[in-house]
> 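Questions regarding the structure given below will be posed in turn.
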Amino acid sequence: MTKIQEDTVVHDNSTDTSHHDSVEDSHDNSTDSIDLIPKVTFNIGEDDNNSVGEKAEGVGDVKPVSKEKAPDGGWGWFVVLGSFLEHTIMGGFERSNGILYLKLIKQFNGSASATSWVGSLTSTIRLMLGPLSSGLCARFTCRSTTFVGAILMSLGVLLSGLAPSLAYLYLTYGIIGGVGRSLAYAPGLIIISIYFDKKRGLATGIGSAGVGMGTLIVPLVFEYVFEGFDYFGAFLILSAIPLNLCICAMLFRPLHVHRQITQAGLRKTLSQNTALRLEEGIPLSPTVVSLETNQIGEETPRQKNIFKRFYKSSETEKKKLFEFSLLKIPSFLFFCIGIAIFTASFKSVFTFLPALAKSKGCSEREAAIMLSIIGVADTFSRMITGYILELKPVKPFRPIIYNLLMFAIVIVLILCSFAKGFISFCLIGIAYGSITGGYTSQKSVIIVDILGADKITHSFGLMIFFQGIGTLIGPPLSGALKDLFGAYDEVFYFCSGLMFAAGLVMIASNISRNLQIKKR
């Protein structure tokens, strides 16, 4: 501390009342142009000791918390951008399973059930490893987890180009690629729930709208590369796409690191203003002196080990990887079961919809265009639904509206079997994309409504584990029905029945939640 600063401390702590009053008068008259400092009321020294670890429960990457509010903006919008790009890539690959199914049928001439296992297995692994992915986000960071996932997903796609059989694809595209997708998928939604509170629904809707954008672009890319290149060349080109997830990972700045960087910037601003005051002979308040004192001898984020900041969630104790006790809550358990049944239907539809369209008179290129149209409807629906469900008059009824969307999907699926020609399939695709986009985008938001934001990391992992069960059962069983009946119509009747059953289970979840609220 400089000689001038020491004099200032003594001056401000003086017990001479009259002299202190005169200092305050001088202080008030001299700070018209330097108004920032007196309005600063942060206790930064105290926050540095407590905010990173002691105030957080159960979320390692984040440290969002009961006492400290989520930023609800700022860098959070870059996090939303990263989530949007992540969903563009992940959703694009998922929604291209139908195009891949047609190409693999042509390449290996296998049965519908055996061929559908390729896309089904990778989606199953991605979802069933959700608790592990969420646990790694809590133990380490969303950023480092996404990085590892991007590399594994790219490797799985690349090795698939060497596949001599479907069994080989089960290992490369299914298991290796599925593990990579799992590690890269969960962080994008978890970190949005960490950075946002009041605007969580809107932010989640915008971030997950990337799925629609991916559905618009990636199926057409699949169709183009398989038509323009040989089997290996197509997978070689496609393997470069997942590496772009590394860009998303860099945007997933851990919240405790973000707070450290913000506080360091604040101290720098305070130091500059303090120097200006001292040059002009303006006394400092005790708060400012305290802030300056706390800065001395303290590491800034850039002085710390960069690699450690990359993968470490915080300096606090290690967090649990799994939290299966959440399944003891009836409303959450019913929600997970409903999501599992919904996913069994949902994944089957996207696997066999291009094949159904082809059987009804559409070409493979028209089937790919139809998926792109679904993607456009999906994108706008996610953003609009996120905005509407955040409105104050609507928000209390969000779980009920969410439930009703399932029964609307049932009607659309029944109509699929009666569609003929490209135009009718495009119209049905718009309806299907609009409803399912709004539904799937709000899953994490509904979980927060049921359990609260502090449980989002582990609860989201459990939820996508149940989605994995649905993905494991749905497409192979639907493929078996096609092999049995010889047509795809029965597949879509089956999917509509599953969707109806999912809606009934969701009603049970809402009833349980209301009973839980009344008990409180």
> Write out all pairs satisfying salt bridge (Lys or Arg N to Asp or Glu O under 4.0 Å) with one or both partners inside residues 176-189, taking only residues at least two apart or from two chains.
E94-R181

> Would you please name every residue forming a side chain to side chain donor-acceptor pair (under 3.5 Å) with Y170, sequence neighbours left out?
none

> Donor-acceptor pair, distance only, cut-off 3.5 Å: does the side chain of S372 make one with the backbone of A368?
yes

> Would you check if F93 and V157 make a side-chain contact, meaning some heavy-atom pair closer than 4.5 Å?
yes

> Taking side chain to side chain donor-acceptor pair (under 3.5 Å) as the definition, give me every residue that meets it alongside S331, ordered by chain and number, with sequence neighbours left out.
Q516

> Looking only at atom types and distance, does a side-chain atom of S120 sit under 3.5 Å from a main-chain N or O of S116, one as donor and one as acceptor?
no

> With the side chain counted from C-beta on, respond yes when F334 and M506 share a heavy-atom pair under 4.5 Å apart, and no when they do not.
no

> Would you call E364-K358 a salt bridge at under 4.0 Å N-O?
yes

> Which side-chain N or O atoms in residues 212-221 pair as donor and acceptor under 3.5 Å with protein atoms at least two apart or in another chain?
unit_1, atom_1, unit_2, atom_2, d
T215, OG1, R95, NH1, 3.4
T215, OG1, V211, O, 2.7

> Side chains of L389 and V445, heavy atoms from C-beta outward: is any pair under 4.5 Å?
no

> Find out whether M370 and L353 are in side-chain contact, i.e. whether some heavy atom of one side chain is under 4.5 Å from a heavy atom of the other.
yes

> Report yes if the side chains of S182 and L132 come closer than 4.5 Å at any heavy-atom pair, otherwise no.
no

> Using atom types as modelled, flag every donor-acceptor pair under 3.5 Å from a side chain in residues 465-477 to any protein atom, sequence neighbours excluded.
unit_1, atom_1, unit_2, atom_2, d
T471, OG1, Q467, O, 3.0

> To the nearest 0.5 angstrom, please state how far the CG atom of L236 sits from the CG atom of L158.
6.0 Å

> Do L127 and T343 have side chains that approach each other closer than 4.5 Å (heavy atoms only, starting at C-beta)?
yes

> Do the ring planes of F500 and F407 sit parallel (below 30°), tilted (30 to 60°) or perpendicular (above 60°)?
perpendicular

> Tell me which pairs pass salt bridge (Lys or Arg N to Asp or Glu O under 4.0 Å) where either residue lies in residues 472-492, with sequence neighbours left out.
K360-D489

> Within the structure provided, determine whether W77 and Y195 are in side-chain contact (heavy-atom separation under 4.5 Å).
no

> Side chain to side chain contact (heavy atoms under 4.5 Å, CB included) with Q442: which of D449, I447, L405, T385?
T385

> Starting at CZ of R513, measure out to CD1 of I329 and round the result to the nearest 0.5 Å.
12.5 Å

> For F422, which residues count as a ring pair (Phe, Tyr, Trp, His ring centres under 6.0 Å) partner, sequence neighbours excluded?
none

> Under the 3.5 angstrom rule, does the side chain of T141 hit a backbone N or O of S144 as a donor-acceptor pair?
yes

> Among pairs that include at least one residue of residues 424-444, which meet ring-ring contact (aromatic ring centres under 6.0 Å, His included), considering only residues two or more places apart or in two chains?
F342-Y439, F350-Y432, Y402-Y439

> Applying side chain to side chain donor-acceptor pair (under 3.5 Å), name anything that partners T88, two or more places apart in sequence or on another chain.
none

> Who are the salt bridge (Lys or Arg N to Asp or Glu O under 4.0 Å) partners of E390, not counting sequence neighbours?
K395, R398

> Distance from L166 atom CG to Y173 atom OH, nearest 0.5 Å?
13.5 Å

> Using the ring pair (Phe, Tyr, Trp, His ring centres under 6.0 Å) criterion, which residues pair with F397? Sequence neighbours excluded.
none

> With S496, which residues qualify under side chain to side chain donor-acceptor pair (under 3.5 Å), at least two apart?
none

